[in-house]
Asks: 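Here it is, the structure, as C-alpha cells.
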Amino acid sequence: MRIAVCVKQIPDPAAPYELDPETHFVVRPEDQVLDDTDRYGVEVALQLAEAAGDDASVTLVSMSPSGSLQGIRQALAMGADKAVIVDDASLRGADALTTSRVIAAAIGREGYDVVVAGTESTDGYTGVVPQQIAEVLGAPSLTFARKVEAVDGKIRIERQTQAGYDVVEAAPPVLLTVTSGAVEPRYPTFKGIMQAKQKPIDTLTCTDLGVTADNQQVITSVDPVPARQAGEIVEDEGEGHLRIVAMLEEAKVI
Amino acid sequence: MKTWVFAEARDGAAAANALEGLAKARELGGDIAVFYLGAGSNDAFAVLGDHGATSVYHLPAGESLPAPAAAAAMAELAGSEAPDLILFGMGNTERDVAGRLSVRLGRPVLANAVDITADEDGLVVTNEILGGTTRVASRSTGDGAAIVITRPKAFTAEPAGGGVPEVVAVASPDVGHAGEAGVLERHEEVAEGPDLEAADVVVSGGRGIGSGDEFEMIDRLAELLGAAVGATRAVVDAGWVPYSYQVGQTGKTVKPTIYLACAISGAMQHLVGMKDSSTIIAINKDPDAPIFGVADLGIVGDVHKVVPALIEALEARG
Ligand SMILES: Cc1cc2nc3c(=O)[nH]c(=O)nc-3n(C[C@H](O)[C@H](O)[C@H](O)COP(=O)(O)OP(=O)(O)OC[C@H]3O[C@@H](n4cnc5c(N)ncnc54)[C@H](O)[C@@H]3O)c2cc1C
Ligand SMILES: Nc1ncnc2c1ncn2[C@@H]1O[C@H](COP(=O)(O)O)[C@@H](O)[C@H]1O
C-alpha cells in the first residue's frame, strides 16, 4: 500500500504572524514547524502502513519553501519513509486551487493508493485543499474522519456530520481527511530522530511537475478587527459565583 | 448579477446556512437560484422561495457521499447558466462540494467570508484570518463564478415573502470511481436541551473540567439556566461530548446573550466561534488565560469550586 500524506509547514503559531505590507502574504520564516493538524494525518498513515505490512510505504508531500525543513524532519522522525517537497518561487502566496494542483501532481508522480490530509490547516484554514486534490486525482474522498480502519482492502471511516456521524467506505485509490479526534499522534523517538536525518527528501519545481502557478485571488486590503474590550477580572475567594449570579440577573436571563 | 446558493438538505429542509446565504444574495440583488442536494419537498422548496430563490435545482442524494456528483452537476449547469457568485455555508458536505466544484470550474474558493460586496470592478469578499483578528478583502480575478464559503451567522436569515420557486430536477452525473464512497450507516447524536446555535444562554466547558464524568456539572448548570451546552474541540476530541457541541472555527458559531466559558483557555480557534456574544463570562484558574481578554467578567478560580457553588445558588433561587 502506497500512502501519501499531505503535510504543511507553517510559521510557529506561538510566534506572532507578520503580513508582508506589500504582498499581504504571511511572512514565512526560514524555520517553519509541522502544522499540528498534520501530525494526526501522519499518525493515521503510519497506522495504516503498519496494518498493511511490509511493503507499505508512507511518503510525505508538501508544498513549501524548503528552508530548514524542520517540520518535514519532524514527520520523518515519527516514521514516514521519505518526503517530496515542491518549492518554487512562483508559488509564494498560491491560492488553494493552485496548491491542490501542485500537490496532486506530486502525488500522481509518486503513485499512491491512499492520500491522507488534515481537515484544515492552522494558518490558512480554507479547508478545501484536500477535496480539490481528490477531484484533480479523480479519487473519492472520505472526509472528516474521526476513526479510520482498513477493512477487506477498503478504507472505512466514521465521518463527522452536523447531526452525528456516518460510517463510510471506499476502495483505493482514495483520499481521506482526519480530524484530531481520530488518533493520538506518536512522539518521535531518539532513534526516529536519528534515522530521519538519512531519509530521502526530493525537492521538485513546477517545471518538474509540468504545472504552472495561476493565482486567481488578489488581496485588496488588510485591516485589524477592533478588539473586544476586556472587562473585570475577579479572584475567586469563595464569592466568585455571586458575581456571576449578579451578571446573569443584570442580563435578565434569570 | 446571478447568484447561486448551495443548500444541503438536513432533516428534509435546507440547512440554516443556505437561508443565511439567501439573505446576502438578496442584498446583492439580481437572479437567485438554489442548488439543493438531498431529500426535498414542496414545503422545503417553498421556504427557499420565501427567502428569495426564484428557482431551485434539485439533486436527490443516493447511498454514496454525494459531493463528487453534486460538483459535476453544478459545473455542468454553470456552463450554461453562468452564475457570477456561488455561495456555500460552512458545513462538511458544503466544503466537499465547494472544493470539487472549484477544480471543475477552474475557479478559486474564497473561504471564511464574513461579507461580500459588489463594486464597479466586481465582487469583493471579506474574510477574517488569524482567529478573527484581521480582516482581508480579496477578489477572484479572471472570468467565471466567484466561489465563496461563508462563516456561520455572517448574515441573518430572513423570509422576504417570495413566491414558490420553479423546481428543476437535476440528474446525477456518472463520476466514476470518485463517486464510489458508500455510506454504510448513519448515526444521529442528538443533543438535549435548546439548540446551541439559537440559544440565548450557552454554557461551555473546556478541557480543564477534567473528565467526561465531571462534565456533567456543565449539563446541570445549563439545565438550570435553560441554556445550551457547548464545548471546545479538546473536549470533543477527548470524546466527552459529540462534535455537534463544538464551538469555534471548525464547529458552531454562537452569538448568545450570555456565553459562560468554564475552564476554556480561549484559543483563537475557539474565540472565532463565540467572540460576538453579547456578554462573556469566563471561569479559569489561570489569570493569564487568553479567554479573559474577551470576557466581560472573568473569575480566576477553580471550576470545581465556582461551578458547584453557582449551581447551588441557582437551585436555592428555585
Ligand atoms: C485548524 C484548527 C481548528 C480548530 N478548531 C477549533 C474549534 O472549532 N473549536 C475549539 O474550541 N478549538 C478548536 N481548535 C483547537 C484550539 O486550538 C484549542 O486547542 C482548544 O480550543 C483548546 O480547548 P480547551 O480550552 O478546552 O483546552 P486547553 O487549551 O487545554 O485549556 C484548558 C483550560 O482550563 C483551565 N483549567 C484547568 N483546570 C482548571 C480548573 N480546575 N479550574 C479552572 N480552570 C481550569 C486551564 O487554565 C486552561 O486555560 C482548533 C485548532 C486548529 C489547529
Ligand atoms: N502547502 C501544503 N502542502 C501540503 N499539504 C497541504 C498544503 N496546504 C494544505 N495542505 C493539506 O490540506 C489540509 C487542509 O488545508 P487547508 O485547505 O489549507 O485548510 C492540510 O491539513 C494539509 O494536509
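Worth saying up front: this structure is predicted, and the values here are computed from it rather than measured.
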Asks: Looking only at atom types and distance, does a side-chain atom of A:Thr220 sit under 3.5 Å from a main-chain N or O of B:Ala137, one as donor and one as acceptor?
Replies: yes
Asks: Can you tell me how far apart NE2 (B:His187) and CZ (A:Arg159) are? Round to the nearest 0.5 Å.
Replies: 14.0 Å
Asks: Relative to chain B, which of A:Val222, A:Ile155, A:Ile244, A:Leu137 shows the most heavy atom pairs under 4.5 Å?
Replies: A:Ile244
Asks: With chain A, which of B:Val307, B:Asp200, B:Thr250 has the greatest number of heavy-atom pairs at distances under 4.5 Å?
Replies: B:Thr250
Asks: Could you tell me which portion of A:Asn215 (side chain, backbone, both or neither) has an atom closer than 4.5 angstrom to a non-hydrogen atom of chain B?
Replies: backbone
Asks: Identify the heavy atoms of A:Ala251 and B:Ile258 that sit nearest to each other, and give their distance.
Replies: CB-CD1, 3.7 Å
Asks: For B:Thr133, is it the side chain, the backbone, both, or neither that has a heavy atom closer than 4.5 Å to a heavy atom of chain A?
Replies: backbone
Asks: Indicate yes or no: at least one non-hydrogen side-chain atom of B:Val109 is less than 4.5 angstrom from one of A:Thr126.
Replies: no
Asks: Less than 4.5 Å apart, any side-chain heavy atom of A:Gln162 and any of B:Lys252?
Replies: no
Asks: What part of B:Ile280 is in contact with chain A, defined as an atom under 4.5 angstrom from a non-hydrogen atom: side chain, backbone, both or neither?
Replies: both
Asks: Taking all heavy atoms of A:Val245 and all of B:Ala313, pick out the closest pair and write down the distance.
Replies: CG2-CB, 4.2 Å
Asks: For the pair B:Arg100 and A:Ser141, evaluate side-chain hydrogen bond (donor to acceptor under 3.5 Å, both in side chains) and give the outcome as yes or no after the intermediate values.
Replies: CA-CA 10 Å; B:Arg100 287 178 178 272; A:Ser141 46; 2.8 Å; yes
Asks: Decide yes or no on salt bridge (Lys or Arg N to Asp or Glu O under 4.0 Å) for B:Glu185 and A:Arg156, but give the supporting numbers first.
Replies: CA-CA 11 Å; B:Glu185 297 164 25; A:Arg156 183 180 293 178; over 6 Å; no
Asks: Let me confirm one number: the CD1-CZ distance from B:Ile299 to A:Arg243, rounded to the nearest 0.5 Å.
Replies: 6.5 Å
Asks: To the nearest 0.5 Å, how far apart are CD in A:Gln160 and CD in B:Glu189?
Replies: 8.5 Å
Asks: Report which part of B:Gln249 has an atom under 4.5 Å of a heavy atom belonging to chain A: side chain, backbone, both, or neither.
Replies: side chain
Asks: Can you find a pair of side-chain heavy atoms, one from B:Gln269 and one from A:Thr122, that are under 4.5 Å apart?
Replies: yes
Asks: If you look at every heavy atom in A:Tyr125 and B:Asn112, which pair is closest and at what distance?
Replies: O-ND2, 2.8 Å
Asks: For a quick test of reading the model, state the closest non-hydrogen atom pair linking A:Pro140 to B:Ala181 and the distance between them.
Replies: CB-CB, 4.2 Å
Asks: Please report the interatomic distance CD(B:Glu188) to CG(A:Asp166), rounded to the nearest 0.5 Å.
Replies: 9.5 Å
Asks: Pick from B:Ile281, B:Ile283, B:Val236, B:Val175: which one has the most heavy-atom pairs with chain A under 4.5 Å?
Replies: B:Ile281
Asks: Below 4.5 Å from any heavy atom of chain A, which atoms of B:Val183 appear? Answer side chain, backbone, both or neither.
Replies: both
Asks: Any salt bridge between B:Lys285 and A:Asp236, counting N to O under 4.0 Å?
Replies: no
Asks: Of the backbone (N, CA, C, O) and the side chain (C-beta and beyond), which part of B:Leu101 lies under 4.5 Å from a heavy atom of chain A, both, or neither?
Replies: neither
Asks: So which of B:Asn92, B:Asp96, B:Thr93 actually passes side-chain contact (heavy atoms from CB on, under 4.5 Å) with A:Thr143?
Replies: B:Asp96
Asks: In terms of heavy-atom proximity below 4.5 Å to chain A, should B:Leu297 be classed as side chain, backbone, both, or neither?
Replies: both
Asks: Do we see a donor-acceptor contact under 3.5 Å between the side chains of A:Ser180 and B:Arg233?
Replies: yes
Asks: Using a cut-off of under 4.5 Å for heavy-atom pairs, which of B:Ala178, B:Gly301, B:Pro308 has the most such pairs with chain A?
Replies: B:Ala178
Asks: Is any side-chain heavy atom of B:Arg95 less than 4.5 Å from a side-chain heavy atom of A:Glu120?
Replies: yes
Asks: Donor-acceptor check, side chain of A:Arg228 to backbone of B:Lys275, threshold 3.5 angstrom: yes or no?
Replies: yes
Asks: Let's test your reading of the structure: which of A:Ala96, A:Gly124, A:Pro130, A:Ala134 forms the most heavy-atom pairs below 4.5 Å with chain B?
Replies: A:Ala134
Asks: Below 4.5 Å, heavy atoms only, C-beta onward: do B:Val300 and A:Ile233 meet side chain to side chain?
Replies: yes
Asks: Working to the nearest 0.5 Å, report the span between CZ of B:Arg186 and OG1 of A:Thr161.
Replies: 9.0 Å
Asks: Contact part of B:Leu184 toward chain A, heavy-atom cut-off under 4.5 Å: side chain, backbone, both or neither?
Replies: both
Asks: Heavy-atom distances under 4.5 Å only: say whether B:Glu8 touches chain A with side chain, backbone, both or neither.
Replies: neither
Asks: Side chain, backbone, both or neither: which part of B:Thr257 has a heavy atom under 4.5 Å from chain A?
Replies: side chain
Asks: Taking side chain as everything from C-beta outward and backbone as N, CA, C, O, which of these in A:Phe144 sits under 4.5 Å from a heavy atom of chain B? Side chain, backbone, both or neither.
Replies: side chain
Asks: Is chain A contacted by the side chain of B:Pro242, its backbone, both, or neither, given a heavy-atom distance below 4.5 Å?
Replies: neither
Asks: Would B:Arg107 and A:Gln216 count as having a side-chain donor-acceptor pair, cut-off 3.5 Å?
Replies: yes
Asks: With a 4.5 angstrom heavy-atom cut-off, is it the side chain or the backbone of A:Asp223 that approaches chain B, or both, or neither?
Replies: both
Asks: Considering all heavy atoms of both residues, which atom of B:Ser102 and which atom of A:Leu97 are nearest to each other, and what is their separation?
Replies: OG-CD1, 3.5 Å
Asks: If we ignore hydrogens and angles and just use 3.5 Å, is the side chain of B:His177 paired with the main-chain N or O of A:Pro173 as donor and acceptor?
Replies: yes
Asks: At a heavy-atom separation under 4.5 Å, does B:Ala111 approach chain A through its side chain, its backbone, both, or neither?
Replies: side chain
Asks: Count the heavy-atom pairs under 4.5 Å between each of B:Asp302, B:Asp296, B:Val136 and chain A, then report the option with the highest count.
Replies: B:Asp296
Asks: Against chain B, work out which of A:Gly238, A:Gly231, A:Ala171 has the most heavy-atom pairs shorter than 4.5 Å and name it.
Replies: A:Gly231
Asks: Measure distances from A:Ala139 to the heavy atoms of chain B and classify the residue's part below 4.5 Å as side chain, backbone, both or neither.
Replies: backbone
Asks: Are any of the side-chain nitrogens in B:Lys305 or A:Glu239 under 4.0 Å away from the carboxylate oxygens of its partner?
Replies: no
Asks: Verify side-chain contact (heavy atoms from CB on, under 4.5 Å) between A:Gln217 and B:Ser138, making sure each step is shown before the conclusion.
Replies: CA-CA 7 Å; A:Gln217 197 171 332; B:Ser138 45; 4.3 Å; yes
Asks: Step through the shown structure and confirm whether more than 12 heavy atoms of other residues, nucleotides or ligands are within 6.0 Å of CG on B:Asp195.
Replies: yes
Asks: Give the member of A:Gly240, A:Gly127, A:Ala227 that has the highest number of heavy-atom pairs under 4.5 Å with chain B.
Replies: A:Gly127
Asks: Examine whether an atom of B:Ile149 lies under 4.5 Å from a heavy atom of chain A, and if so say whether it belongs to the side chain, the backbone or both; otherwise answer neither.
Replies: side chain
Asks: Is the count of non-hydrogen atoms from other residues, nucleotides or ligands lying under 6.0 Å from B:Asp143 atom CG greater than 12?
Replies: no
Asks: Rounded to the nearest 0.5 Å, how far apart are CG of A:Asp95 and CG of B:Leu110?
Replies: 8.5 Å
Asks: Could you work out, with salt bridge (Lys or Arg N to Asp or Glu O under 4.0 Å) as the rule, every residue matching A:Glu184, not counting sequence neighbours?
Replies: none
Asks: Around A:Gln229, counting heavy atoms of other residues, nucleotides and ligands shown, do more than 12 lie under 6.0 Å from its CD?
Replies: no
Asks: Give, as side chain, backbone, both or neither, the part of B:Asp276 having an atom under 4.5 angstrom from any heavy atom of chain A.
Replies: backbone
